[in-house]
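Report on the following structure.
Labels below follow one simple rule: chain letters A, B, ... track the order of the sequence lines, proteins then strands, and each chain is numbered from 1. Note: hydrogens, waters and symmetry copies are ignored here, and every other heavy atom, side chains too, is used.
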Amino acid sequence: MSGLTRSWICENCVEMLFVRGSGNCVQCETPLRKSNFRVQLFEDPTVDKEVEIRKKVLKIYNKRDFDFPSLREYNDYLERVEDVVSNLTNNIDVENTKLQMEQYQRENRDLIQKNKVKLTREQEEVEELLLLEKQGNEQRRLELLQEEQRQLQAKRKNKQALLDELEHSQLPATMLLAQHKVRAAKLETQIEQQKQAVKPTSLFSTGINMRQTVSLQPPPRIEEVLYQYKPVHVETYGPPVPELELLSRLGYLNHVRAAMPQDTAGGYTSALACHRAIQDAFSGLFPLKR
Amino acid sequence: MIPQSNRTSTKGRLCDGVLDLVPPVRLNKLAVSESKLLERHEEDVIFRHYEKRMVDFCNAFKPVMPKSVVGTAIMYFRRFYLNNSTMEYHPRIIMLTCAYLSCKVDEFNVSSTQFVGNLLQETPAGQEMVLEQILEYELLLIQQLNFHLVVHTPYRPMEGLLIDLKTRFPTLENPESLRKNADDFLTQAAMTDAGLLFPPSQIALTAILNSASRAGLSMESYLTECLQLKEDKETLSKMYESMRRMKTLLKKYELPKPEDVNACKKKLERIHAEFSSTSNKRKRGYEEDSHLAKEPRLTEEEWTDEDLL
């Protein structure tokens, strides 16, 4: 598609046209240069045309919401931008609109420059994150593949060794099998150790790659209401239950089955069962207040 | 809330057309009415009969079933028939499904073969069939219980109260002597609607106070001192009131007479035989999935009550 004349020509014809150096557009005979051609992205040619125009316009009209003192003015500015884009897309009043654009450009040259820089910085950040993600995925995939390969090879070697031994050695088969099992276990521990020993040395302690460019945008500030802790109060409709820790002092635990060593090893104390029984006994004991 | 009134909603559940033909016959004595469908009191007879069968089944279970499992099973049975009718789902299958589900929920580990192995009157093939039926109805049961599978039985509150008595109420010398009677009270209470009407801690307290008054011991001071109800006369009187109501509930319970049971059972079998083929029996909770549908079970009615226990 040609940016200048907005006409559509397939790639082959473009090539043919420019073999002779410069050519004229097939439909409207305007002299064209090859650089003006772009690949069509959208199915509807009007949409593509609009997208192109919008990109160009927004390069010039690139103010942001914090550049304006009020929301109303920002919205007015956006409306003006849309008007410009729609005029250019539908070929309404093209001359005037172009004049407007140039005027705006002249007036706000510095602001445009500043905003351009800001935009590029943000884009860089996003690209960095994407790159990081991709790299992480790639690394993980490669590592997994390598692991699998290694394990397969080790297993194959082991089996082969066992078969050879069964053939050639004088020891009985059971002993050989036992030896083989021991060797297999040793191999597995070796593999585990290897996995843990591999540490990438290309990262800083914070996890940033050594070769990476880091953008220095400050993180966005979020202001919120400070959190106030309110302890949870549960209405049990019954007499108050003593705390778990006080149960032994109050003498409750004398009447519960003591915890055996196996139970304490698992983290169980008799206070837990006692507390639960008392809780169940006391909750819901009093009738509802109507 | 009267227990009987909970079951009024069940009548409307069966095939819509049939009910218009049945005039509501209300008889005072427990005679079997002439209508085709079960009356409220007849359904009650059936319910109590099968509940007793379930309790006997659980008590004869090998390995020994803990009390909480039995309590949970009874509660499931009761809750299921709050919203469904015995005419729609026959109690003999539902009672086994309740017991099976409660074993699972209460973490009383019994394999399914072991479970049906307790059905002593059946051949192994018959036990297999029963197991299949149980598995079919399990999902439906869970659904009808509204997925509320945890049941708070009064057994643990009773333990808690005994512990509390031993710790804080030295006036009572041997609270352990109350345990047996309280246990009996709780087993009796499980067969009534007390579990649906009162919180389990109140049932446990009633059990203990009842047992104490039977032994001639006074526990007034426990209530006023330890439970800190000295100033709160209103709460105290309300508690006494609810305990009285619970005791009346227990006294009102009686096992249905065998002749009534047989009559009602015959009616029930007739209803099930007639309506099972015509009505849309939604016994599987997931029947909407067409690829899960199995062939209709023709052999379902073959095994009868006498095959159990």
Side-chain angles (χ1 to χ4, degrees), chain A residues 177 181 184-185 188 192 227-290, chain B residues 68 71 150-170 172 174-176 179 182 186 194-195 197-209 222-246:
Chain A
L177 276 171
K181 270 201 197 122
E188 282 199 23
E192 288 298 318
Y227 172 67
Q228 293 282 358
Y229 172 68
K230 293 191 194 66
V232 172
H233 174 70
V234 179
E235 174 65 65
T236 57
Y237 299 104
V241 180
E243 301 271 324
L244 188 67
E245 295 81 19
L246 302 177
L247 278 179
S248 70
R249 204 162 1 118
L250 296 170
Y252 280 95
L253 296 185
N254 305 330
H255 308 291
V256 193
R257 179 174 67 92
M260 316 247 279
Q262 294 107 307
D263 302 328
T264 8
Y268 171 83
T269 54
S270 54
L272 286 168
C274 186
H275 193 232
R276 190 166 177 202
I278 304 279
Q279 255 184 339
D280 267 9
F282 283 175
S283 66
L285 204 50
F286 297 158
L288 291 173
K289 302 232 179 289
R290 267 180 230 271
Chain B
S68 58
V150 175
V151 168
H152 296 280
T153 54
Y155 301 108
R156 202 183 295 125
M158 189 189 75
E159 300 286 340
L161 283 175
L162 284 177
I163 296 173
D164 197 48
L165 276 176
K166 288 180 207 165
T167 318
R168 291 203 293 177
F169 197 55
L172 195 64
N174 191 9
E176 280 298 316
R179 189 184 279 266
L186 289 182
L197 295 168
F198 302 100
S201 50
Q202 283 183 12
I203 304 179
L205 186 63
T206 318
I208 294 201
L209 288 186
Y222 177 66
L223 285 178
T224 46
E225 303 283 336
C226 300
L227 299 183
Q228 292 158 12
L229 287 175
K230 212 191 307 194
E231 292 85 35
D232 204 345
K233 293 281 181 219
E234 197 193 318
T235 321
L236 198 59
S237 65
K238 271 205 213 156
M239 281 173 72
Y240 278 129
E241 171 64 37
S242 40
M243 287 198 253
R244 215 171 309 140
R245 277 181 23 221
M246 214 186 301

Assert top hit (heavy-atom pairs under 4.5 Å, partner chain A, pool B:Gln202, B:Glu159, B:Arg156, B:Lys166) equals B:Arg156
Is it the case that atom OH in A:Tyr268 sees more than 12 heavy atoms from other parts of the structure closer than 6.0 Å?
yes
Separation between CG (A:Leu285) and OG (B:Ser242), nearest 0.5 Å, reads 9.0 Å
Looking only at heavy atoms, the pair that brings A:Ser283 and B:Ser201 closest together is O-OG, 2.7 Å
Minimal heavy-atom distance between A:Gly284 and B:Pro199, with the atoms involved, is O-CG, 3.3 Å
To the nearest 0.5 Å, atom CG of A:Leu288 lies from atom NZ of B:Lys238 at 8.0 Å
Exercise. Taking atom CD of A:Glu243 as the centre, does the number of heavy atoms from other residues, nucleotides or ligands within less than 6.0 Å exceed 12?
Worked result: no
Are A:His255 and B:Leu165 side-chain neighbours, meaning at least one heavy-atom pair lies under 4.5 Å? no
Here the gap from B:Asp164 atom CG to A:Phe282 atom CZ, rounded to the nearest 0.5 Å, amounts to 3.5 Å
Min side-chain heavy-atom separation B:Thr235-A:Pro287 under 4.5 Å = yes
Separation between OG1 (B:Thr167) and CG (A:Leu253), nearest 0.5 Å, reads 8.5 Å
The interface call for B:Pro157 against chain A, heavy-atom contacts under 4.5 Å, is both
* To do: Report yes if the side chains of A:Cys274 and B:Ile163 come closer than 4.5 Å at any heavy-atom pair, otherwise no.
  => yes
